[in-house]
Number of protein chains: 2
Amino acid sequence: MYAILLTKRPTPMYAFEPPTRLTSVFETLRREIVAGELRPNSPLIELDLAERFEVSRTPVRESLQRLAAAGLVVPRKRGWAVREFSTEEIRENAEVRLALEGYAAGLAAIRASAAQIAELKAIHERRLALHSSNEKMRVKTNREFHDAIMVASGNGRLTNAIYHSGQFYFNAPIARAATGDELALGNADHELILSAISQRNADAAERAMRAHIKRTFAVFWRLTGKDVAGPPDVA
Amino acid sequence: MYAILLTKRPTPMYAFEPPTRLTSVFETLRREIVAGELRPNSPLIELDLAERFEVSRTPVRESLQRLAAAGLVVPRKRGWAVREFSTEEIRENAEVRLALEGYAAGLAAIRASAAQIAELKAIHERRLALHSSNEKMRVKTNREFHDAIMVASGNGRLTNAIYHSGQFYFNAPIARAATGDELALGNADHELILSAISQRNADAAERAMRAHIKRTFAVFWRLTGKDVAGPPDVA
DNA sequence: GTATGCGATCTTGTATGCAATATTGCTTAC
DNA sequence: GTAAGCAATATTGCATACAAGATCGCATAC
């Protein structure tokens with residue numbers, strides 16, 4: 001149900017860029033930060049990284065500039081450190097995602113082609129047919145479902161923004177597992193979203209998606225044990 | 001009425017970073033791209049820039065990496081060029097902004113302090129009292145109004161995302177002037193938004209803000225002469 | 001006039017050098 | 001034992017060097 005938060009997808013931002021040492025270092029560091037392999041606040045020493053990647057400091061430094069612009073590393077008095085996100089910041093990101101993905105669902109209700117809606121239905125069916133222990137496929141179909149809606153929104157930049165707003169949850173302790181109840185509710189949410197999109201009801205689709213994402217983050221709050229209010233009800 | 005699109009505000013992303021040649025080059029280029037002084041698709045030659053800024057290629061290259069991550073320059077077969085935004089991309093950005101700023105207005109209705117609401121009212125009053133020829137103050141009060149709502153949303157990242165989504169309109173031919181009718185409608189929009197926030201009606205605030213932004217972009221479409229459908233009605 | 005080769009030039013990607021400054025750790029005074 | 005001072009070290013910001021590859025222009029062939 002929460003797989004989209006764990007998706008590793010190459011950012012399309014540099015689609016036509018030839019691979020260089022810089023891009024390789026950047027992608028690797030990005031993945032490691034996002035996956036939590038590099039712990040928050042650990043300092044990033046240029047020379048160490050250069051040694052590790054067997055390159056000179058130049059491509060390392062340029063990678064760090066990209067990471068900085070992406071908000072994944074923060075400046076220290078000297079050099080950079082892996083950014084740490086507070087619970088408060090995670091809540092803020094949840095709200096951004098809520099705003100964006102909810103809107104995307106509404107757009108999808110308006111713009112989705114018949115084929116796209118059929119595809120969405122097919123994904124949902126596949127998901128319902130899964131055995132409850134099949135976590136891998138559950139993760140996969142969830143991602144597919146959300147991705148298909150983003151695509152159907154007909155807005156590449158919105159898709160991109162949603163993707164980036166997802167990055168920021170990885171630093172937090174992440175739970176892949178939700179309770180059986182939570183999973184069932186998630187499926188019911190998908191059902192509602194799909195139904196609203198099929199009926200071309202943008203308003204309902206947006207509300208359903210917001211409720212769904214809110215539920216996702218409620219699991220986060222529960223698992224992290226932090227008493228942070230989720231995004232309030234809007235619309 | 002459209003001033004927020006022209007706002008130049010330092011991005012808080014690198015707040016604690018000491019000024020260096022890199023940051024100076026980056027800020028200058030960023031401003032010039034966003035302001036349209038560097039034309040879309042013009043190639044950015046490292047050596048030329050280095051010469052112009054009287055620095056070596058190193059800080060120039062690192063600036064370009066940041067600009068690339070910010071989406072302001074795009075890779076070419078060789079080097080970088082100022083990014084050009086198509087009408088389609090501008091529409092996409094408008095939708096992102098609609099989603100974000102609408103949601104921010106909804107949050108503001110829930111979270112704004114009494115003082116923040118009073119401030120919002122004061123800004124609106126100042127705006128209404130302006131002489132119609134006072135374009136400068138009209139621009140300023142508009143920015144203040146929108147900024148105050150973003151602050152009242154209590155979500156720094158949302159604010160930041162809205163700010164960044166604004167960058168991308170600068171490349172397009174920009175009109176500062178709207179017709180008298182459009183200005184009046186803009187003020188009426190503000191009135192509605194303010195009223196909804198005062199009454200703690202998140203749903204109404206969000207709808208009002210969406211309508212307002214949609215109207216803003218309608219002016220864009222009119223001025224650019226492009227027949228692009230604005231964002232559809234959602235919520 | 002147009003196309004083709006080919007060399008000169010331009011531009012980038014990467015490595016390295018160097019000076020400035022932050023940090024560390026040791027020594028010494030108390 | 002703790003604090004202060006100071007020298008050694010680590011690390012960065014920037015400049016420069018150089019090779020690889022793209023691009024351009026010109027000469028030549030047709």
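Proteins get letters first, then strands, A, B, ... in listed order; numbering begins at 1 in each.
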Under 4.0 Å, counting only non-hydrogen atoms across every strand here, what does [X] touch: a base, just sugar-phosphate, or nothing?
X	result
A/T20	sugar-phosphate
B/L64	nothing
B/E62	nothing

Next item on the list: Report, as yes or no, whether the 6.0 Å neighbourhood of atom CD on B/E51 holds more than 12 heavy atoms from other residues, nucleotides or ligands.
Entry: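 Incorrect, the count does not exceed 12.
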For the side chain of [X], counting heavy atoms from C-beta on, which of [options] is nearest?
X	options	answer
B/R61	D/dT12, C/dT12, D/dA15	C/dT12
A/R21	C/dT12, C/dT23, C/dA15	C/dA15
B/L22	D/dT12, C/dT14, D/dC14	D/dC14
A/P59	C/dA15, D/dT23, D/dA15	C/dA15

Taking [atom1] from [X] and [atom2] from [N], how many angstroms apart are they, rounded to a whole number?
X	N	atom1	atom2	value
B/I45	C/dG13	CD1	C1'	15 Å
A/W80	C/dA22	CH2	C1'	17 Å
A/L47	C/dG17	CG	P	12 Å
B/L49	D/dC14	CG	C1'	16 Å
B/F26	D/dG13	CZ	C1'	17 Å
B/E46	D/dA17	CD	P	17 Å
B/K77	C/dG13	NZ	C1'	18 Å
B/F53	D/dA15	CZ	C1'	17 Å

Check: 5'-most contact on DNA chain C: B/D48 or A/E54, nearest heavy atom basis?
Finding: B/D48
Margin query: Tell me the closest heavy-atom pair linking A/A105 and A/M209, and the distance in Å.
Written below: CB-CB, 3.7 Å
Next item on the list: State, to 0.1 Å, how close B/I213 and B/R97 come at their nearest heavy-atom pair, and which atoms those are.
Entry: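 For B/I213 and B/R97, the tightest heavy-atom pair comes out as CD1-O, 4.1 Å.
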Item checked: Set of salt bridge (Lys or Arg N to Asp or Glu O under 4.0 Å) partners for B/R126, sequence neighbours left out ->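 In terms of salt bridge (Lys or Arg N to Asp or Glu O under 4.0 Å), with neighbours along the sequence ignored, B/R126 is linked to B/E144.
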Note to self: Over 60° means perpendicular and under 30° means parallel, so tell me whether A/H146 and A/H212 are parallel, tilted or perpendicular.
What the structure shows: parallel
Note to self: Between A/S56 and C/dA15, is there a contact of a side-chain N or O with OP1 or OP2 at under 4.0 Å?
What the structure shows: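 For C/dA15, OP1/OP2 do have a side-chain N/O of A/S56 under 4.0 Å.
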